[in-house]
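Taking it in order: structure first as structure tokens, then the write-up.
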Protein chains: 2
Amino acid sequence: MAYRETEKMRQRKAQARQRIIDCTYECVANGGFRSARITRIAGLAGVATGTIYRHFESREDLFAEIFRTATQREVDKVAEALDTDGNAAVRLEAALRQFAERALRGPMMAWALIAEPVDPKLEEERLVYRRAYAQLFEKAIRDGIDEGCIPDQDARQSSTCLVGAIAESLVGPLSPTLAGQITIADIDKNKLVDSIIGFCMQGLTGTRR
Amino acid sequence: MAYRETEKMRQRKAQARQRIIDCTYECVANGGFRSARITRIAGLAGVATGTIYRHFESREDLFAEIFRTATQREVDKVAEALDTDGNAAVRLEAALRQFAERALRGPMMAWALIAEPVDPKLEEERLVYRRAYAQLFEKAIRDGIDEGCIPDQDARQSSTCLVGAIAESLVGPLSPTLAGQITIADIDKNKLVDSIIGFCMQGLTGTRR
DNA sequence: ACAAGAAATGAATAATGATTCACTACTTAC
DNA sequence: GTAAGTAGTGAATCATTATTCATTTCTTGT
């Protein structure tokens, strides 16, 4: 016998894999999934196109992993914002703000995750993550109902509406056609976020603050 | 001289064009834009593929026309619902209901118009029509504010949230992966529509009814 | 240094459908 | 009936990229 996979090799491979992931991420954050070509990713990562396929089944698979990682990061941030002190309404407001503000800070990636037309497999992932957000919100709404700071309602339905309202409000500002040309001032961003949240909180609680 | 385009010919051409449109519509209503192949459309319409291109610049163009027509029909229905008697809140509620109920009645087409991943050109059309809905709602909200039945708020922002909340609430039920298998009972539909509207109206007015 | 294997390479291939265009079949005016 | 011009045809072409795989390069244990 001769060659045996060694720790050093395992690490080197893991490194290459990570570099591919990072470069894909960069490509997507730069122009969305559609414009992220395998050849370009390989070029950036400093490997041959064939090498990509030693690390990932297919382009779809690679993208799915990027999508999951990127979205999970966002979901976690929202979960974090929900897991602080204060009553449920306050915490929900913080979470909604977190969601919107982060999206506006990385608009192209946010657009890719929320609104870019993608292949069916990614679209499926997207539905999963929209549900994940909705479930976080749903839980908080239930808490709020128990606490008495949110009136009784169909928590599941309301959570879906929250996700939709935020996503829709962001799609316009995030769309690359617009976003490429227009730069959104910080003041506008704050105003945007405030008014989205105003609507959402009133939808939940019946009052704006 | 010899051949001159005559009325009869003009009509025949218009007929063929219409047949192509109808068949495309049928294809889309059946499986969305992605699965609507030119060859299939041509087959259904009883013409050669080349003939399609004597009537439309490109597949994209044909689809854009279908998209516009189909969406305009929906927008008109919503406008109609908004143009009845009653105060603005009541009319808005009727309009939201119209939107949601019609979508649930033709789920595949609604999905294609609202949520199917489509090419950039169609995606642009979609943004235009989402704005069209939002503008209708926005106008009604302003009316409501003037009338005093809706509290003062950022009408534009609220209208966007309405569109998003409804669209998001429908995406799940409309998604072909699910919708193909599960059939939504009328009772469920009614409950769904009621709870969407409950959230939306509270978002607008601060009360559920 | 060498043999046995694994990883990397990237030019060639494959797959998918939209689109073209040289040709045929019609229509019209005379 | 015929010439002039238009509409219709559909097999062949084209364009685009992801994916493959025969070959080369690198690693390892002896």
Side-chain angles (χ1 to χ4, degrees), chain A residues 1-21 23-24 27-28 30-67 116-122, chain B residues 1-21 23-24 27-28 30-67 116-122:
Chain A
M1 97 221 74
Y3 182 92
R4 237 331 126 84
E5 184 179 68
T6 178
E7 189 46 38
K8 179 183 147 200
M9 260 293 130
R10 226 184 323 276
Q11 280 188 6
R12 191 188 290 183
K13 276 201 284 178
Q15 248 175 12
R17 189 188 152 92
Q18 192 54 48
R19 215 167 47 249
I20 291 169
I21 288 177
C23 293
T24 306
C27 279
V28 173
N30 227 50
F33 287 100
R34 169 180 266 265
S35 79
R37 315 247 168 269
I38 290 288
T39 47
R40 178 152 168 58
I41 293 166
L44 279 178
V47 297
T49 60
T51 304
I52 305 270
Y53 290 88
R54 305 195 132 269
H55 293 279
F56 300 90
E57 269 301 305
S58 65
R59 177 183 132 111
E60 260 194 338
D61 263 42
L62 168 58
F63 282 5
E65 175 148 348
I66 302 305
F67 193 99
E116 184 185 5
V118 292
D119 287 358
K121 186 165 180 183
L122 276 197
Chain B
M1 97 220 77
Y3 181 91
R4 236 333 124 87
E5 184 178 68
T6 178
E7 190 46 37
K8 178 184 148 200
M9 260 292 131
R10 230 186 318 277
Q11 282 188 5
R12 192 189 290 183
K13 276 202 283 178
Q15 248 175 11
R17 189 187 153 92
Q18 193 54 48
R19 214 166 48 247
I20 291 169
I21 289 177
C23 292
T24 307
C27 278
V28 173
N30 227 49
F33 286 100
R34 169 181 266 265
S35 80
R37 315 245 168 271
I38 289 289
T39 46
R40 179 152 167 58
I41 293 167
L44 279 179
V47 298
T49 61
T51 304
I52 306 269
Y53 290 88
R54 304 196 137 269
H55 292 279
F56 300 90
E57 270 301 304
S58 66
R59 177 183 132 111
E60 260 193 339
D61 264 41
L62 168 58
F63 282 6
E65 175 146 349
I66 301 304
F67 193 97
E116 184 185 5
V118 292
D119 287 358
K121 186 165 181 181
L122 275 197

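This one's a predicted model, so the numbers in the text were calculated from it and none came from an experiment. Chain letters run A, B, ... following the sequence lines, proteins first and then strands; every chain starts at 1.
- For the pair A/Arg12 CZ and C/dA8 P, the computed distance is 8 Å after rounding to whole Å.
- The listed nucleotides are C/dA7, D/dG29, C/dT19; the one nearest the side chain of B/Tyr53 is C/dT19.
- Taking atom NE2 of A/His55 as the reference point, atom C1' of C/dT9 lies 12 Å away to the nearest angstrom.
- Of the listed nucleotides (D/dT28, C/dT28, C/dA7), C/dT28 has the atom at the smallest distance from the side chain of B/Ala2.
- Not counting sequence neighbours, A/Arg54 has no partner by the side-chain contact (heavy atoms from CB on, under 4.5 Å) test.
- Note: CZ (A/Arg59) to C1' (D/dT16) measures 11 Å, nearest angstrom.
- With rounding to whole Å, A/Arg10 atom CZ is found 16 Å from D/dT27 atom P.
- Here the side chain of B/Ser58 is nearest to one of C/dT19, D/dG29, C/dT28, namely C/dT19.
- Rounded to an integer number of Å, the gap from CE of B/Met9 to C1' of C/dT27 is 6 Å.
- The ring-ring contact (aromatic ring centres under 6.0 Å, His included) contacts involving residues 38-64 of chain A comprise A/Phe33-A/Phe63, where partners must be two or more places apart or lie in separate chains.
- Using a cut-off of 4.0 Å between Lys/Arg side-chain N and Asp/Glu carboxylate O, B/Asp119 and B/Arg34 are scored as not salt-bridged.
- In this structure B/Glu60 satisfies the side-chain hydrogen bond (donor to acceptor under 3.5 Å, both in side chains) test with no other residue, sequence neighbours excluded.
- Partners of A/Arg59 by side-chain hydrogen bond (donor to acceptor under 3.5 Å, both in side chains), not counting sequence neighbours: none found.
- Proximity of A/Arg4 to the phosphate of C/dA4: no side-chain N or O atom is located under 4.0 Å from OP1 or OP2.
- A/Arg54 comes within contact range of at least one nucleobase, with a heavy-atom separation under 4.0 Å.
- If you check residues 32-52 of chain B against DNA chain C, the residues with a heavy atom closer than 4.0 Å are B/Arg37, B/Ile38, B/Thr49, listed by number.
- Going from atom CG of A/Asp61 over to atom P of D/dA18 covers 14 Å, rounded to whole Å.
- Atoms CD1 (A/Ile20) and C1' (C/dA7) sit 12 Å apart, rounded to a whole Å.
- Contact annotation: B/Lys8 side-chain N/O to C/dT28 OP1/OP2 distance is under 4.0 Å.
- With salt bridges taken as basic N to acidic carboxylate O contacts below 4.0 Å, none links B/Glu5 and B/Arg12.
- Rounded to an integer number of Å, the gap from NZ of A/Lys13 to P of D/dT28 is 11 Å.
- For A/Asn30, the side-chain hydrogen bond (donor to acceptor under 3.5 Å, both in side chains) criterion is met by no residue, not counting sequence neighbours.
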